[in-house]
Student: 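Quick one: the structure is below, and I'll ask about it shortly.
If you're wondering where the values come from, they're calculated on a predicted model, not measured in any experiment. The analysis underlying the following values was restricted to heavy atoms, covering all of them including side chains, and did not include hydrogens, waters or symmetry mates.
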Amino acid sequence: MSDRLPHEKGFHVSWDQLHRDARALAWRLDGEGPDNGAWRAVVAITRGGMAPAMIVARELDIRTVDTISVKSYNHQTQSAPRIIKSPDMSLLGEGEGVLIVDDLVDTGRTLEVVRAHLPKAHVATVYAKPKGRNQVDTFITEVSQDTWIFFPWDLALQYVEPYRGTD
């Protein structure tokens with residue numbers, strides 16, 4: 001086991017970086033939908049997928065946006081994922097032409113549940129870890145499994161001591 005604290009093997013994502021990476025995800029998805037390259041809906045996995053999904057929907061001019069809420073984390077502890085809010089299934093069907101967007105795939109357990117719910121949807125995440133990568137159709141950046149990603153909604157600005165001190 002490592003002596004490192006989570007922040008020492010951390011990948012800190014600013015709002016600017018998240019915006020750039022989500023736009024890059026949209027550009028990668030542009031023209032890849034089954035309806036002459038178009039996508040008919042975006043489903044954000046709440047809560048982390050909401051900001052990237054909004055950016056993807058804006059960039060690709062997708063007006064139908066919904067959410068699926070899957071609870072699998074309690075702070076930094078992962079538990080069995082379960083759907084606590086479903087999207088409008090009468091509109092989405094099995095997910096053909098639907099983009100499912102999340103911020104990160106970690107172990108892939110959350111996406112297994114979502115894929116069972118919308119088996120024909122295209123899953124896109126901004127970031128991916130190796131254990132869950134096979135659950136994602138499109139992603140932008142891969143990080144190591146032992147990296148903890150700090151998203152901007154989890155952070156606050158604060159003073160940090162200089163690396164070499166202030167002697």
Student: Among Lys131, Gln135, Gln145, whose side-chain hydrogen bond (donor to acceptor under 3.5 Å, both in side chains) with Asp106 holds?
Tutor: Gln145
Student: With rounding to the nearest 0.5 Å, note down the distance linking NE2 in His122 to CZ in Arg115.
Tutor: 8.5 Å
Student: Do Asp21 side-chain atoms and Val126 backbone N/O form a donor-acceptor pair below 3.5 Å?
Tutor: no
Student: Can you confirm whether Arg133 is buried at CZ, in the sense that more than 12 heavy atoms of other residues, nucleotides or ligands lie under 6.0 Å from that atom?
Tutor: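 No, because the 6.0 Å sphere around CZ of Arg133 holds 12 heavy atoms or fewer from other groups.
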Student: Looking at Arg23 and Asp30, is there a salt bridge between them, counting it only when a charged N and a carboxylate O are closer than 4.0 Å?
Tutor: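 Result for this pair is no, no salt bridge flagged.
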Student: Could you state whether Trp27 and Val101 fall into the same hydrophobic cluster, counting links through intermediate Ile, Leu, Val, Met, Phe, Trp or Tyr residues with side-chain heavy atoms under 4.5 angstrom apart?
Tutor: no
Student: Should Met54 and Ile45 be counted in the same cluster of Ile, Leu, Val, Met, Phe, Trp and Tyr side chains packed under 4.5 Å apart?
Tutor: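 Hydrophobic grouping puts Met54 apart from Ile45.
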Student: Donor-acceptor pair, Arg28 side chain versus Thr138 backbone, under 3.5 Å?
Tutor: no
Student: Is the shortest heavy-atom distance from the side chain of Leu29 to the side chain of Leu99 under 4.5 Å?
Tutor: yes
Student: For the residue pair Val98 and Val42, establish whether any side-chain heavy-atom pair is separated by less than 4.5 Å.
Tutor: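 Heavy-atom side-chain distance check fails, nothing below 4.5 Å.
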Student: Take Arg47 and Asp102 through the salt bridge (charged side-chain N to carboxylate O under 4.0 Å, His left out) test and state the conclusion after the steps.
Tutor: CA-CA 8 Å; Arg47 293 172 305 214; Asp102 205 357; over 6 Å; no
Student: Is any side-chain heavy atom of Asp103 closer than 4.5 Å to one of Thr125?
Tutor: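 When only atoms from C-beta onward are counted, Asp103 and Thr125 do not touch, as no gap falls below 4.5 Å.
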Student: Calculate, to the nearest 0.5 Å, the distance between atoms CD and CG belonging to Glu32 and Asp137 respectively.
Tutor: 11.0 Å
Student: Does Val43 offer a backbone N or O that forms a donor-acceptor pair with the side chain of Asp66 under 3.5 Å?
Tutor: no
Student: Linking I/L/V/M/F/W/Y whenever their side-chain heavy atoms sit closer than 4.5 Å, directly or via other members, would Val13 and Ile55 fall into one cluster?
Tutor: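 Different hydrophobic clusters.
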Student: Taking Leu92's backbone N and O only, do any of them form a donor-acceptor pair with Arg40's side chain (distance below 3.5 Å, no angle check)?
Tutor: yes
Student: Taking side chain as C-beta onward, heavy atoms only, is Val123 less than 4.5 Å from Val114?
Tutor: no
Student: Identify which one of Phe151, Trp148, Phe150, Tyr127 satisfies the ring pair (Phe, Tyr, Trp, His ring centres under 6.0 Å) criterion when paired with Phe11.
Tutor: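 Only match with Phe11 under ring pair (Phe, Tyr, Trp, His ring centres under 6.0 Å): Tyr127.
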Student: Considering only heavy atoms from C-beta outward, does the side chain of Lys129 approach that of Leu104 to under 4.5 Å?
Tutor: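 Heavy-atom side-chain distance check passes, below 4.5 Å.
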Student: Which atom pair, heavy atoms only, marks the closest approach of Trp153 to Ala51?
Tutor: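 Nearest heavy atoms, Trp153 then Ala51: CZ3-CB, 4.1 Å.
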Student: Does the side chain of His117 reach to within under 4.5 Å of the side chain of Ile83, using non-hydrogen atoms?
Tutor: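 A side-chain contact under 4.5 Å exists here.
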Student: Take atom CD in Gln17; do more than 12 heavy atoms of anything else shown fall under 6.0 Å from it?
Tutor: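 Yes, CD of Gln17 has more than 12 neighbouring heavy atoms, counting only those of other groups under 6.0 Å.
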Student: Are any of the side-chain heavy atoms of Phe139 and Leu25 separated by less than 4.5 Å?
Tutor: no
Student: Side chains of Arg63 and Asp61: does their closest heavy-atom pair fall under 4.5 Å?
Tutor: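 Yes, their side chains come closer than 4.5 Å.
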Student: Roughly how far, to the nearest 0.5 Å, is the CG atom of Leu18 from the CD1 atom of Ile140?
Tutor: 11.5 Å
Student: Does a side chain donor of either Ser144 or Asp146 reach within less than 3.5 Å of an acceptor in the other side chain?
Tutor: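 Checked: Ser144/Asp146 side chains pair up, N/O donor to acceptor below 3.5 Å.
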